[in-house]
Amino acid sequence: YQRRVHGEYGKGSQFYFSIPEVVDYEQETVKSFNSKDASYPDVSIIKEPPASMSIRKPMDRSISNVDVVIQPRKQRRQILMAVDDNGFNLMSLKKQLEVIGYQAMVFYSAKQAIAFYEENLVTEEYQIQLILMDLDMPVMNGYEACRYLKEKVRFQDLSPLPIVACSANLYEDEKEKLKASNFDDFIQKPVQIENLKGKLKKILSSIDSVSYTHLRAHETPEHLVCRLLLEKK
């Protein structure tokens, strides 16, 4: 701004100021300031801001102008889990799964399998597509393990977890017991590779239609904002 001073000894002093006004430079008309005292000059209106002056426009806070940066989710390896206390059966099943195009991780007890599943809920390193579960195992059998996992999925609203029973003794009363324990299906031992392939294809294709809806329940806030913006359009 500009300033000047006029004073006389014994009479006093007069101070004059020229102060720039911050205006909207997109408008053509600028209203002048009218001084009440005619002895004071009109304030000069600067229509071009000095280079040193920083003009900040009001921020537009409408959601349409918000840049949403979505970080891609870490690609998780798809696997099946195979659980059996018999090492020969377990390795044979793993080999069959690999032949028909699936990657499998093997566990020699239900407790070990459950510990891995719960750890993976935290690390999210793998996408567990399905569990093949032997029924007759020490400490925790397949029925108990299946009931525990299904309850966990239901109460914590987790992604669907199909569990298939593997047993050599599948009588009618045994099949009813499997249903009561919430198994999704069963495979007769010794496992035949074509039967295994057909069962897996049927079960995994049946959950594909609900997977997208279920995953939406676990969106990050950033993904949720992005989806709402896209749906608004």
Side-chain angles (χ1 to χ4, degrees), residues 76-215:
R76 294 188 297 166
R77 218 170 96 198
Q78 292 185 330
I79 62 166
L80 305 185
M81 293 172 59
V83 190
D84 198 318
D85 63 324
N86 185 302
F88 177 80
N89 291 341
L90 200 56
M91 291 301 107
S92 176
L93 182 56
K94 184 177 187 295
K95 184 64 177 177
Q96 288 178 312
L97 290 169
E98 291 172 349
V99 168
I100 59 179
Y102 295 97
Q103 293 188 4
M105 295 189 71
V106 297
F107 302 89
Y108 290 91
S109 72
K111 288 278 191 182
Q112 186 185 33
I114 288 173
F116 174 81
Y117 175 78
E118 292 179 331
E119 181 183 353
N120 189 67
L121 291 177
V122 178
T123 63
E124 294 187 333
E125 185 175 354
Y126 301 98
Q127 181 184 347
I128 301 170
Q129 296 178 283
L130 180 144
I131 298 179
L132 294 159
M133 182 84 68
D134 182 41
L135 296 178
D136 299 319
M137 293 181 289
V139 184
M140 176 183 276
N141 61 42
Y143 302 103
E144 295 168 329
C146 183
R147 285 195 296 270
Y148 175 86
L149 289 169
K150 290 291 188 177
E151 287 297 296
K152 189 175 190 68
V153 167
R154 185 165 69 90
F155 281 112
Q156 296 188 19
D157 191 27
L158 302 173
S159 298
L161 180 66
I163 303 178
V164 178
C166 299
S167 178
N169 304 313
L170 290 176
Y171 303 109
E172 286 303 318
D173 59 338
E174 195 75 18
K175 293 177 182 178
E176 292 301 319
K177 192 175 177 181
L178 292 176
K179 290 181 181 178
S181 298
N182 294 320
F183 278 95
D184 294 88
D185 210 330
F186 57 86
I187 294 179
Q188 185 87 35
K189 288 183 179 180
V191 177
Q192 302 297 316
I193 192 166
E194 287 302 319
N195 185 30
L196 177 63
K197 183 178 180 180
K199 290 276 189 182
L200 295 180
K201 183 178 179 181
K202 175 186 173 184
I203 295 170
L204 293 177
S205 62
S206 69
I207 66 170
D208 281 345
S209 59
V210 300
S211 293
Y212 176 68
T213 302
H214 201 91
L215 286 173

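When reading the values below, keep in mind they use all heavy atoms of this one structure, side chains included, and skip hydrogens, waters and symmetry mates. Just so you know, residue 1 is the first one in the sequence shown, and it goes up from there. Since the structure is predicted, the reported quantities are computational estimates derived from the model, not experimental observations.
Interatomic distance, Asp185 CG to Lys175 NZ, rounded to the nearest 0.5 Å: 10.0 Å. Once rounded to the nearest 0.5 Å, the distance linking CD of Gln129 with CE of Met81 reads 12.5 Å. Atom CD of Glu119 and atom OH of Tyr126 lie 9.5 Å apart (nearest 0.5 Å). Between Ile203 atom CD1 and Leu130 atom CG the span is 5.5 Å, to the nearest 0.5 Å. The distance from atom CE of Met105 to atom CG of Leu80, rounded to the nearest 0.5 Å, is 11.5 Å. Rounding to the nearest 0.5 Å gives a distance of 8.5 Å between CD1 of Ile79 and CD of Glu125.
Looking at Glu151 and Arg147, no side-chain N of the basic residue comes within less than 4.0 Å of a carboxylate O on the acidic one, giving no salt bridge.
Of the possible donor and acceptor atoms, none in the side chain of Lys189 sits under 3.5 Å from a partner among the backbone N and O of Asn169. Although no hydrogens or angles enter the test, the distance criterion places a donor-acceptor pair under 3.5 Å between the side chain of Glu144 and the main chain of Asn141. A donor-acceptor pair is defined here as one N or O able to donate and one able to accept, closer than 3.5 Å; no such pair exists between the side chain of Ser181 and the backbone of Leu178. Distance alone, capped at 3.5 Å, places no donor-acceptor pair between the Asp85 side chain and the Met137 backbone. No donor-acceptor distance shorter than 3.5 angstrom exists from the side chain of Ser92 to the backbone of Phe88, with no hydrogens or angles considered.
Residue-environment remark: NZ (Lys150) exceeds the threshold of 12 foreign heavy atoms within 6.0 Å.
Geometric assessment of Lys199 against the ring of Phe186 yields a positive cation-pi assignment under the 6.0 Å and 45° thresholds.
Proximity of Val83 to Phe116: side-chain heavy atoms (C-beta onward) are nowhere separated by under 4.5 Å. Within the 4.5 Å cutoff, the side chain of Lys152 has heavy atoms near those of the Leu121 side chain. Considering only heavy atoms from C-beta on, Leu93 stays 4.5 Å or farther from Val106 through its side chain. Here the side chains of Asp134 and Asn86 are not in contact, with every heavy-atom distance at 4.5 Å or above. The shortest side-chain heavy-atom distance between Tyr117 and Leu158 falls under the 4.5 Å cut-off. Ile187 places a side-chain heavy atom less than 4.5 Å from the side chain of Leu132.
Nearest heavy atoms, Ala82 versus Leu90: O-CD1, 3.5 Å. For the residue pair Ala110 and Met140, the shortest heavy atom distance occurs at CB-O, 3.5 Å. Pairing each heavy atom of Gln127 with each of Arg76, the nearest pair is N-CB, 4.0 Å. Here the closest heavy-atom approach between residue Ile128 and residue Ile131 is recorded as CG2-CG1, 4.4 Å. What you find for Gln96 and Val191 is that their closest heavy atoms are NE2-O, 3.0 Å. In this structure, Pro162 and Asp184 approach most closely via the heavy-atom pair CA-OD1, 3.2 Å.
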Before giving the answer on side-chain contact (heavy atoms from CB on, under 4.5 Å), spell out for Phe183 and Leu135 the whole-Å C-alpha distance, their side-chain angles and the decisive distance to 0.1 Å. CA-CA 11 Å; Phe183 278 95; Leu135 296 178; 3.6 Å; yes
Taking it one step at a time, do Leu149 and Ile163 satisfy side-chain contact (heavy atoms from CB on, under 4.5 Å)? CA-CA 9 Å; Leu149 289 169; Ile163 303 178; 4.0 Å; yes
